[in-house]
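We use all heavy atoms of the structure for the numbers below, so side chains are in, but hydrogens, waters and symmetry mates are not.
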Amino acid sequence: MSVYVQTEEMEKFERQAQKRLSSLADGVNLFFTAIDDNVKFLAKSPLIQDSSLQLPIYMDKATPTKLNPLGDTEFEQQVLHWFSAIGEQHQGYAYIYMGTEQGGYTQWPTSEVEAHYDPRQRYWYSHALAVATKTHKISPKYYREDDIVTLATAHKFTNSLGERGVVAIDVSLNFLTDLIADIRIGETGYLMLVDREGVVLADPYFPSNNFKNIDSLQMGAEQFSELNDGMHQVILNNSQRYVLINTCNDFGWKYIAIIDHDEVHESANAILNLLFFVSALAIALLLGLMMWFSKILMVNKPNIEV
């Protein structure tokens with residue numbers, strides 16, 4: 001009976017956790033699908049497709065340069081106006097930016113670029129041009145000037161004038177962490193999100209793990225990279241935990257649900273204690289009834305004289 005009850009509770013936890021993971025994956029997929037659509041929309045817009053990509057060039061600037069929020073060219077002014085309108089309408093968008101094959105660059109919100117800044121030498125630009133798909137997710141990157149980590153979606157394009165470039169949208173990992181932090185499993189359960197490269201995108205329980213490779217983590221979390229999808233029992237932070245892993249095929253991200261071992265088994269123990277109490281009560285009642293009937297039979301037993 002004990003094994004059966006504990007197995008039932010484990011399956012119950014797995015169903016609940018799987019439901020939460022599926023809901024999270026669906027929500028994240030919808031969010032990033034919308035970003036894909038927006039970055040494609042920008043790249044295919046008449047403003048970019050039918051105009052000469054006249055953006056400021058910073059390669060010759062020997063010191064960090066503050067971008068002009070009003071734009072240095074008429075084209076940049078229109079681009080910044082459009083980027084601003086889109087960015088302010090979407091919570092979680094940290095940056096929207098564009099680089100061209102001539103080395104031109106602009107971004108929203110405007111901030112400071114490094115000395116001799118050349119977008120063509122940046123990973124988001126070169127990688128976007130190198131991959132076969134026009135829209136591509138870029139590994140998380142750190143913006144020192146704003147002290148945030150972002151995840152980029154980039155789209156390469158060639159406009160009607162034959163000019164090439166890349167437009168991208170960055171999402172703050174703080175937004176993803178806040179989104180996941182609101183999802184709870186039981187009293188102690190929480191979720192982690194890890195990208196296909198093993199980089200922790202969101203860990204609301206240990207925010208210091210964000211942007212680190214899971215192989216570099218300690219206290220047991222490093223073993224997650226070696227676990228396949230499904231339920232596992234692990235030692236994490238010197239405590240026994242149950243872990244459910246689900247890999248999203250769309251992005252190759254791992255959604256990881258973690259809950260204390262004791263919480264899962266508390267329900268099973270409570271059920272077993274209840275069954276024990278009910279069984280003991282039933283036995284006591286049965287014994288009481290047997291004794292009562294025995295007394296009645298003794299009282300009503302006829303006296304037989306020989």
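At a threshold of 4.5 Å between non-hydrogen side-chain atoms, the residues I258 and Y205 do not count as touching. For the pair F224 and L217, the minimum side-chain heavy-atom distance is 4.5 Å or more. Using a 4.5 Å heavy-atom cutoff, the side chains of Y125 and K156 are not in contact. Residues L193 and K254 form no side-chain contact, since every pair of their non-hydrogen atoms from C-beta on lies 4.5 Å or further apart.
Here the side chain of S216 pairs a donor or acceptor atom with the backbone of N213 at under 3.5 angstrom. The closest donor-acceptor contact from the side chain of D195 to the backbone of V199 lies under 3.5 Å.
Checking Y97 against D170 by side-chain atom types alone, a donor-acceptor pair falls below 3.5 Å. When only modelled atom types and interatomic distance are considered, E163 and T100 share no side-chain donor-acceptor pair under 3.5 Å. For the residue pair S45/Q49, the side-chain donor-acceptor check at 3.5 Å is not satisfied. Judged by distance alone, the side chains of Q54 and T73 never bring a donor and an acceptor atom under 3.5 Å apart.
The only member of N38, T135, D36 that meets side-chain hydrogen bond (donor to acceptor under 3.5 Å, both in side chains) when paired with H155 is T135.
Classification of K137 and E197 as a salt-bridged pair fails, no side-chain N sitting under 4.0 Å from a carboxylate O.
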Working for side chain to side chain contact (heavy atoms under 4.5 Å, CB included), residues R241 and D260: CA-CA 5 Å; R241 307 286 179 91; D260 283 352; 2.8 Å; yes
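Ring pair Y58/Y105: centre-to-centre distance not below 6.0 Å.
Residue-environment remark: CD (Q78) exceeds the threshold of 12 foreign heavy atoms within 6.0 Å. Heavy-atom neighbours of H81 NE2 from other residues, nucleotides or ligands within 6.0 Å: at or below the threshold of 12.
The aromatic rings of W253 and Y255 sit tilted relative to each other, their planes meeting at an angle between 30° and 60°.
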